[in-house]
Enquirer: 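Pasting a structure here, questions to come.
Throughout, protein chains are lettered first and strands after them, A, B, ... in sequence-line order, and every chain is numbered starting at 1. As the structure is a prediction and not an experimental result, all values here were calculated from the model.
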Number of protein chains: 2
Amino acid sequence: MGRTSNAGKRLLEVAFDLIHDHSYGSVSVDQICSRARVNKGSFYYYYKSKTALVVAAYEERWRLKEPDYERVFALDAAPLERLSRWCEYVRSTQRERFRRYGHVCGCPYASVGGELATQDKKIQRTTQNLVERHVRYLAKAIEDARDGGDACVADPLKTAELVHSYVIGLLLRAKIYNDLKVLADLETGVFALVKVNPEKNPRH
Amino acid sequence: MGRTSNAGKRLLEVAFDLIHDHSYGSVSVDQICSRARVNKGSFYYYYKSKTALVVAAYEERWRLKEPDYERVFALDAAPLERLSRWCEYVRSTQRERFRRYGHVCGCPYASVGGELATQDKKIQRTTQNLVERHVRYLAKAIEDARDGGDACVADPLKTAELVHSYVIGLLLRAKIYNDLKVLADLETGVFALVKVNPEKNPRH
DNA sequence: CTGATTTATACGACCGGTCAACTATTTTTA
DNA sequence: TAAAAATAGTTGACCGGTCGTATAAATCAG
């Protein structure tokens, strides 16, 4: 079976970290290779292009993070509680990255999508896909909130898209200002968009 | 006074168009020069770096667009009417760019800010500044709406930031999906965030 | 031994940026 | 008023470095 290696996996991790910390355009294949301690030749043994690596890296990242989403949106919590936990999850993720990288990094999927949507169809498709998976979790929670009388929305999916837009915008704003305080009102905004029945707000 | 030229101005226009159409990282100085029919030597006669050009280009762009904002947010219109007109202005701008470039381009300031906030302090400062100018127009309209009883918000500035976040997020989403239909619900979202008194909605 | 993996090196193209020489236009001066 | 000087802008070759890509040879597990 030949020799074994985890160089491919290492490249995925390093690529995600580096690109999320900086940007696709400002991170070179050489940088990714040297940080992952993989030679350039090996890089192209595993991935046919920089684009292909990025697609794989972001899909792998989601695969790793999906269990967190399953937990945050677990059906045993009340719908509004799920949304509330998600807001806190987003903020704590950003706090952690701020500590690690020294600045606000924003939403990784939206960042790479925004940078490359008009450049690379494969990456565009990938980010669309990733966005959709996020939105599905939101939509389910919003639908349940509506059915339970906690929120007043007509179309849960549309509202989920609305909420998602708001959140990636807020993350982008936090990145531009490099300030986590921008995220302080995350939940307020989310709850305003799902028109939460005030007395049902879990933060009462 | 020596010979005269508009090469500097030409570079500003071309740089903005090219970068807005693609991205900062994927547009080279050579491309900008050849499209503007300016030699590289002249480029560096006018601007000391690619960064400096981008800063100048985006500031010039705002200078050009500010009259539109003055008109959209003119105080003779009712506050909610101003917000409504702004939504339509944003959408028509995107439609126009879609026709010209063949795809959704999103918010130029947020795009370049998101791409370079973690890379280049000068560009970060510039985009912060540009964002603030937008938000000020929004805040004034929201404040007036609140004072006129048309909206129910505690802090107009905070709400304006909320609205702005939502809109740049929506534009980012539209860019990722390359679909103007994403912007169909722009006004709905904005009005939800400013908690418009339903019967005062200008679209009744 | 076989074949999956890794190494080292090289490629030509292009990157952002520099520079000295050159041209065109206005201002100064005799 | 015409030559000279100063100013403003242009040119394209060139720099060292990095880009994404390629491949032949070496390595090593099964």
Side-chain angles (χ1 to χ4, degrees), chain A residues 1-19 21-58 60 112 115-116 118-124 126, chain B residues 1-58 60 112 115-124 126:
Chain A
M1 270 288 134
R3 33 209 295 207
T4 60
S5 162
N6 64 350
K9 278 262 158 114
R10 268 177 5 243
L11 285 169
L12 292 182
E13 270 178 50
V14 169
F16 178 88
D17 283 350
L18 239 27
I19 290 171
D21 186 13
H22 304 95
S23 71
Y24 177 87
S26 70
V27 171
S28 72
V29 171
D30 282 346
Q31 281 173 270
I32 295 169
C33 288
S34 78
R35 166 94 69 113
R37 270 187 292 274
V38 168
N39 289 312
K40 224 176 176 181
S42 297
F43 178 104
Y44 287 97
Y45 171 74
Y46 287 102
Y47 306 100
K48 73 175 219 298
S49 67
K50 189 184 179 188
T51 293
L53 170 71
V54 170
V55 167
Y58 276 72
E60 171 67 8
V112 88
E115 182 179 351
L116 298 170
T118 60
Q119 309 301 306
D120 188 300
K121 291 285 167 222
K122 281 253 180 62
I123 290 181
Q124 185 182 20
T126 302
Chain B
M1 271 288 139
R3 51 209 276 201
T4 59
S5 162
N6 65 348
K9 277 264 157 115
R10 257 160 35 223
L11 286 168
L12 292 182
E13 269 177 52
V14 169
F16 179 87
D17 283 349
L18 238 27
I19 291 171
H20 187 28
D21 186 13
H22 304 94
S23 71
Y24 177 87
S26 70
V27 171
S28 72
V29 172
D30 283 342
Q31 280 173 269
I32 295 169
C33 287
S34 78
R35 167 94 67 112
R37 269 188 292 271
V38 169
N39 289 307
K40 222 178 183 175
S42 294
F43 179 105
Y44 286 97
Y45 172 75
Y46 288 101
Y47 307 100
K48 75 175 219 296
S49 68
K50 189 184 176 186
T51 293
L53 170 72
V54 170
V55 167
Y58 277 72
E60 171 67 7
V112 89
E115 183 179 353
L116 298 170
T118 61
Q119 309 301 307
D120 188 301
K121 291 283 168 227
K122 282 251 181 61
I123 290 181
Q124 186 181 20
T126 302

Enquirer: Report yes or no: does Ser42(A) contribute a side-chain atom to a donor-acceptor pair with the main-chain N or O of Val38(A) at less than 3.5 Å?
Expert: no
Enquirer: Which letter, B, S or -, goes with each nucleotide of nucleotides 8-21 of chain D from 5' to 3', with contact meaning a protein heavy atom under 4.0 Å?
Expert: BBBBB------SBB
Enquirer: Say whether, by atom type as modelled, one donor and one acceptor occur between the side chain of Lys48(B) and the main chain of Leu53(B) under 3.5 angstrom.
Expert: no
Enquirer: Would you tell me whether Ser23(A) and Glu115(B) have side-chain atoms, one donor and one acceptor, within less than 3.5 Å of each other?
Expert: no
Enquirer: Given 3.5 Å as the limit, does a donor-acceptor pair link the side chain of Glu13(A) with the main chain of Arg10(A), or not?
Expert: no
Enquirer: What is the distance, rounded to the nearest whole Å, between atom OH of Tyr47(A) and atom C1' of dA22(D)?
Expert: 19 Å
Enquirer: Kindly check if the number of other-residue, nucleotide or ligand heavy atoms within 6.0 Å of CZ (Arg35(A)) is above 12?
Expert: no
